[in-house]
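Below is one structure, written out as structure tokens; the observations come after it.
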Amino acid sequence: MRLLVVEDEPRISEIIKAALERAEFAVDTVRLRADAREALANTAYDAAILDLGLPDGDGLNLLAELRPAGSRIPILILTARDAVVDRVTGLETGADDYLVKPFALEELLARVKALLRRRNPPDITREVLVFEDLELDTATRQAKRGNRLIDLSTTEYELLAMFLRNSRIVLTRSVLMDRIWGMDFEGGPNVLEVYIGHLRNKLEQHGEKRLIQTVRGAGYVLRVAD
Ligand code: CA
């Protein structure tokens, strides 16, 4: 497994690289956004760790280029900005997870491994999960609504698969947070809402009826509204 670390502070970059190498990952490091862009274009990385504050610009802009270009590489963003708005912006721009500096190396490792697990599920069987006019192909990880093909980020895919495997069952916020991000996730209350919002935007583009319903005080459920 080869990882790219994009971090301009040499000390932090070295510490991260050493920790990942101890965990048997191959690690490349770059400190500029321009170098990251080039590295990602030339090497098939399994995941990237992206600092947002870089000398030649905001890491968010790199994210904003990657996702529309079709890249689905799992990306964990590092940010010194503790404001909810920055975390939410990062996730909205296509990051799969984030850590706020300073962070514990153990947590970084756990998050990276979780991202890779989510990207490389052990099952090799192809399943097409169906609900109403919505389909999700577990091999291509693409969704379809009618004939409309919908591309999903890693996290959106996991979330939608969970809904489809549990259609008409109310999934509580804590169950969803736990299954998607893990027990120790401290992302605050907004992260799940952000992803539900993404999914709804992608699933309901042309006046299509809402399938992910909010259950007040409980969570969400995949069903047709009454
Ligand atoms: Ca920085």
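Note that the coordinates shown come from a computational prediction; the quantities given were computed from them, not determined experimentally. Note that ligands are numbered from 1 as they come in the structure, with each ligand's atoms numbered from 1 the same way.
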- Item | Minimum-distance pair of heavy atoms, taken over all atoms of Tyr98 and Leu76 |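 Result for this residue pair: N-CD1, 3.6 Å.
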- Note on the structure: Between Ala143 and Leu160 the two heavy atoms that sit nearest each other are CB-CD2, 4.0 Å
- Message: Tell me which N, O or S atom from Asp8 is the closest to the Ca ion (ligand 1).
- Response: OD1
- Atom nearest to the Ca ion (ligand 1) - Asp51, N, O or S atoms considered: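 Looking only at N, O and S atoms of Asp51, the one nearest the Ca ion (ligand 1) is named OD2.
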- Verify whether one side chain among Thr138 and Arg165 offers a donor that lies under 3.5 Å from an acceptor in the other.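 No, because no side-chain N or O of Thr138 sits under 3.5 Å from a partner of the opposite role on Arg165.
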- Query: Checking Glu21 side chain against Ala18 main chain: does a donor-acceptor pair fall under 3.5 Å?
  - Reply: no
- So, Gly53 and the Ca ion (ligand 1): N/O/S under 3.0 Å, yes or no?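 Short answer: yes, at least one N, O or S atom is under the cut-off.
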